[in-house]
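See structure below.
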Amino acid sequence: MARTIIPLWQQWQFADTFDEKYLEPDCSNEDFTEVQLPHTVKELPYHYFDEKSYQFQSCYRRKFAVPPHLEGMRLFIDFEGVMSYAKVFINGQCAGEHKGGYTPFSIDITQAVIYGEEERNLLVVYVDSTERPDIPPFGGSIDYLCYGGIYRDVSLRAVPQSYIKSIYAQPLLVSATTKALEVAVDIAHTERIPKTIDVSAAIYDSRNRKRAELSKSIEISVPDYSLSLMMDELTGIRLWTVEKPELYRVEVTLWEDGFISDTVSARIGFRTAQFTPEGFFLNGKRIQLRGLNRHQSFPYNGYAMPKRVQQKDADILKYELGVNMVRTSHYPQSPYFLDRCDEIGLLVFEEIPGWQHIGDSAWQDISCQNVRDMIIRDRNHPSIVLWGVRINESPDCTAFYQRTNALAHELDPHRQTGGVRCIEKSEFFEDVYTMNDFTYGTHGIPSDSQTAGWVLRTQREVSGLGELVPYLITEFGGHMYPTKRFDQEERLVKHAQLHLAVQNAAALDPQKCGAIGWCAFDYNTHANFGSGDRICYHGVMDMFRIPKFAAYVYASQLSAEVRPILEPLTHYTVGDRAVGGIAPLVICTNCDAVRLTVGSTDLGLFYPAVDRYPGLPHPPVIIENLAGMWGGSWEDAVFTGYINGTERITRRLAANPIATELSLTVDETKLSADMPDAVRCVVKLLDQAGNVLPYSNEVVQIKLKGPGQLIGPHVIPLIGGVRGFWIKTIGKAGTVKVSAQTGVFESRKVSLRVRSES
């Protein structure tokens, strides 16, 4: 019998407490509510809540069947993520436990189950979501929330007595015309007698065509057996690049007596990735890394978002923000997010859980286990180019960090390691010196007129090393200049100028591989951080993934062939700035030139400020002085962007904005009833020119009908004229209809089709 995976995401019972009686199969359901995974132990308000409100012990229960044909196989319950301690019971007996909320774990239930078609087995999970000091990242203060619950997938896995534990497929000779692939296979053998097994490895292209195959016969008699299969003479293989991320599938199969007994596959990409003192090179080509940090959290539901929402974040980073790298601050993130990074060519720096604090030796043991689990889970991802094996911004700890680096190199000798630090001249055991550089805090925020001459300190100044090493800026901005999307225009512009200045300075230094800004999205945090309302407003987008002005700094670096960008960084008002007017006017654009027309007055063409931002692919257009450039009357403005002399994009700003339309859009209209699913909706109050009214906080009512559920409240105020919300499916097919209303304005109705393939 071959490997069988049975998803366990529906029909869970949840209680916000735990009692020994919950282990009994005939326990009353009166304390429980029915939920589906992914699940958070408590839906939170958007802000101003007590972060301890979700830090409690809880219970998840589910009955399940083990079909008779699975008898004789090894059975596991696989958990992708439980925050932060889990104790698992099968039919009243403790089957195992796990400390840590960000890495997967498996519980062997082979000896505890009852076979049959009826749901006679009871799975109970005790979840402790308190910030236990014995579990990373806890023990000190941390600037983010670790929401409780079973927030990732759970499944029942049945495998034969000899089964594949893991595979690691490493492309070799990537720069040669004829390439090779080494496939390392770890096999578990749970029988006492030796057995002869045939092991085969095959590689398939994106069209599912088999490109090569290799088999080997082995005799296995030990519990853990490792072997390596080498496929060489591979021709016609395309490289994985950020522009064209070509993926291949490697499939490893075990054969017993001529029949398939187990199969595991992984997607890979053929590429080389190397951080050097001269920059970062992908497939031998230097790429300036321009990235943002990502927290995997969302309003109300915390971490508990399904596949589609996780993937959408990768799309936002790549296609809306235009970055080429993301750092998974400060923990391993959803496999769905990483899968999508592979598919779209978004580079990833993935790191272990932690924030400044290092615990005792037992704590460090768990952290090393995090290194192991992270790398084994994710080392086949071509998007991942760097492992983070140091607790973010922590002090030196010689033996601990020697250990984490050695472990990473043992498990994955082909990737480099980094260790994110903010302490200058700290010990360096990694391959890449990764530094959170907030030195502009001492220089002061550079004014627009200073940016041309403003530079980051050299790596020798920061690292104290006598020799040049690979150097990457892993954070800047963020807490040094938090910015709300509804702030006064000048602060929003200054926030954008900060990102412009640092990315420009980093690009001009050939010894810096790039800069990763803090951060992509606002996020919930503890009371002793952020703005006092449990939110850090550090993102270039807010928590609903709505852009601030700084987002356009990144979006405008996209090639105009991908999408023309023209974003004047202004709300176009007479008196929002302290000095009045809108000058100096910064226009983030990838156009060659921008024409500004006010009323009937053509003010002429304006060109990118290459002299001020020579390091950027697409410097902004800056108009220093608009006073007197038209007759003094405040009239509508039209911005026209030109590429190669051709008009490509137009933006109109209204002089007297008036609420005109309530817009409702959704990221996707086709959802699944067969798996956890959710989709983001965005409601905007627009003026007569189609622009958001940036200071509107009108109350909006969300109307929902059909087999879907709103995440969060149904009545919400707009935040700066815009608000996002998510709708999740409930495991039933049908049509969900959603609309929004505020005052006299009602959006169009949007239909979401929820389909079932079963």
Side-chain angles (χ1 to χ4, degrees), residues 143-145 242 289-299 301-303 305 309-334 336-338 340-341 344-351 355 383-384 386 388 392 420 434 436-438 472-485 492 495-496 498-500 502-503 506 514-525 529-530 535-558 565 567 588 667 680 682 719 722 724 726:
D143 171 27
Y144 53 94
L145 299 186
V242 294
L289 297 176
R290 186 172 56 253
L292 290 164
N293 287 265
R294 182 220 186 207
H295 272 301
Q296 65 177 16
S297 58
F298 298 85
N301 247 28
Y303 289 158
M305 283 295 192
V309 179
Q310 302 288 347
Q311 290 181 326
K312 180 62 179 179
D313 264 10
D315 286 346
I316 290 171
L317 286 158
K318 171 83 175 187
Y319 298 121
E320 293 185 31
L321 292 171
V323 302
N324 56 23
M325 169 164 261
V326 58
R327 171 177 167 230
T328 66
S329 51
H330 303 284
Y331 38 78
Q333 297 189 2
S334 166
Y336 296 128
F337 175 77
L338 299 174
R340 188 60 179 159
C341 291
I344 64 178
L346 180 60
L347 302 169
V348 178
F349 171 19
E350 187 173 39
E351 64 180 344
W355 201 82
S383 59
I384 297 176
L386 191 63
N392 175 69
V420 173
T434 44
N436 292 347
D437 192 340
F438 300 111
L472 175 67
I473 297 172
T474 42
E475 289 184 31
F476 68 86
H479 66 277
M480 302 301 293
Y481 205 75
T483 307
K484 302 170 181 65
R485 197 166 49 76
L492 288 165
H495 183 218
L498 169 60
H499 283 269
L500 281 167
V502 176
Q503 292 293 358
I516 306 174
W518 186 262
C519 56
F521 316 122
D522 293 347
Y523 56 96
N524 286 130
T525 191
F529 295 96
I535 296 179
C536 277
Y537 295 93
H538 299 172
V540 301
M541 287 181 157
D542 71 7
M543 287 178 67
F544 300 98
R545 284 52 178 165
I546 310 299
K548 305 173 189 177
F549 281 178
Y552 303 129
V553 170
Y554 292 89
S556 62
Q557 304 312 306
L558 283 165
I565 302 293
E567 295 292 346
C588 289
D667 291 337
R680 183 186 61 154
V682 177
I719 301 174
V722 188
W726 281 265

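Interatomic distance, OG of Ser334 versus CE of Met305, reported as 12.0 Å (0.5 Å rounding). Atom CG of residue Asp315 and atom CG of residue Asp667 lie 9.0 Å apart, to the nearest 0.5 angstrom. To the nearest 0.5 Å, atom SG of residue Cys536 and atom CG of residue Asp143 are 4.0 Å apart. Here the straight-line distance linking atom CG of Asn324 with atom CZ of Arg290 works out to 5.5 Å at 0.5 Å rounding. Here CD of Gln311 is found 12.0 Å from CD1 of Ile316. Values are rounded to the nearest 0.5 Å. Residue Leu472 holds its CG atom at 4.5 Å from CD1 of Ile516, rounded to the nearest 0.5 Å.
Taking the six-membered ring where the residue is Trp, the centroids of His538 and Phe521 are separated by 6.0 Å or more. Taking the ring centroids of His330 and Trp518, they lie under the 6.0 Å cut-off. Checked against a 6.0 Å centroid threshold, the rings of Tyr144 and Tyr331 count as neighbours. Taking the six-membered ring for Trp, His499 and Tyr552 have ring centres at least 6.0 Å apart.
Minimum heavy-atom separation, Asp437 to Phe476: O-CB, 3.6 Å. Listed here is the closest heavy atom pair of Asp542 and Arg485: OD2-NE, 3.0 Å. Closest approach of Leu321 to Ala551, counting heavy atoms only: CD2-CB, 3.6 Å. Looking at every heavy atom in both residues, Leu498 comes nearest to Tyr481 through CD2-CB, 3.9 Å. Contact detail for Leu317 and Ala520: the closest heavy-atom pair is CD2-CB, 3.8 Å. Closest approach of Ser329 to Asn293, counting heavy atoms only: OG-CB, 3.5 Å.
Listed for the Glu351 side chain is no donor-acceptor partner under 3.5 Å among the backbone atoms of Val420. Panel note: side chain Lys548, backbone Gly539; a donor-acceptor pair is recorded below 3.5 Å. Remark: side-chain polar atoms of Lys318 are paired, donor with acceptor, to backbone N or O of Ile344 under 3.5 angstrom.
The pair Asp313-Arg545 meets the salt-bridge criterion, since a charged nitrogen lies less than 4.0 angstrom from a carboxylate oxygen. Between Glu475 and Arg327 there is a salt bridge, since at least one side-chain N of the basic residue sits less than 4.0 Å from a carboxylate O of the acidic one.
Contact annotation: the side chain of Val540 approaches that of Tyr554 to within less than 4.5 Å [non-hydrogen atoms, C-beta and beyond]. Counting heavy atoms from C-beta on, the side chains of Leu346 and Met325 never come closer than 4.5 Å. A 4.5 Å side-chain heavy-atom check between Thr474 and Phe349 finds at least one atom pair inside the cut-off. With contacts defined as side-chain heavy-atom distances shorter than 4.5 Å, the pair Ser383/Leu347 does not qualify. Side chains of Leu338 and Val348 form a contact here, defined as non-hydrogen atoms less than 4.5 Å apart. Proximity of Phe544 to Ile719: side-chain heavy atoms (C-beta onward) are separated by under 4.5 Å at one or more points. You'll find the side chain of Asn436 reaches within 4.5 Å of the side chain of Asn392, heavy atoms only. Using a 4.5 Å heavy-atom threshold, the side chains of Ile546 and Val682 count as touching.
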Notebook entry, point to check: Given Val309 and Arg680, is the side-chain contact (heavy atoms from CB on, under 4.5 Å) satisfied, shown in steps?
Noted result: CA-CA 8 Å; Val309 179; Arg680 183 186 61 154; over 6 Å; no
Checklist line | Criterion side-chain contact (heavy atoms from CB on, under 4.5 Å) on Leu145 and Tyr523, from CA distance to verdict | finding: CA-CA 8 Å; Leu145 299 186; Tyr523 56 96; over 6 Å; no
Next item on the list: Please report the C-alpha distance between Arg340 and Gln310 in whole Å, then the side-chain angles of each, then the deciding distance to 0.1 Å, and finally whether the side-chain contact (heavy atoms from CB on, under 4.5 Å) criterion is met.
Entry: CA-CA 8 Å; Arg340 188 60 179 159; Gln310 302 288 347; over 6 Å; no
Note to self: Between Tyr303 and Phe298, is the side-chain contact (heavy atoms from CB on, under 4.5 Å) condition met? List the steps.
What the structure shows: CA-CA 6 Å; Tyr303 289 158; Phe298 298 85; over 6 Å; no
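Between the side chains of Arg294 and Gln333, at least one donor N or O lies within less than 3.5 Å of an accepting N or O.
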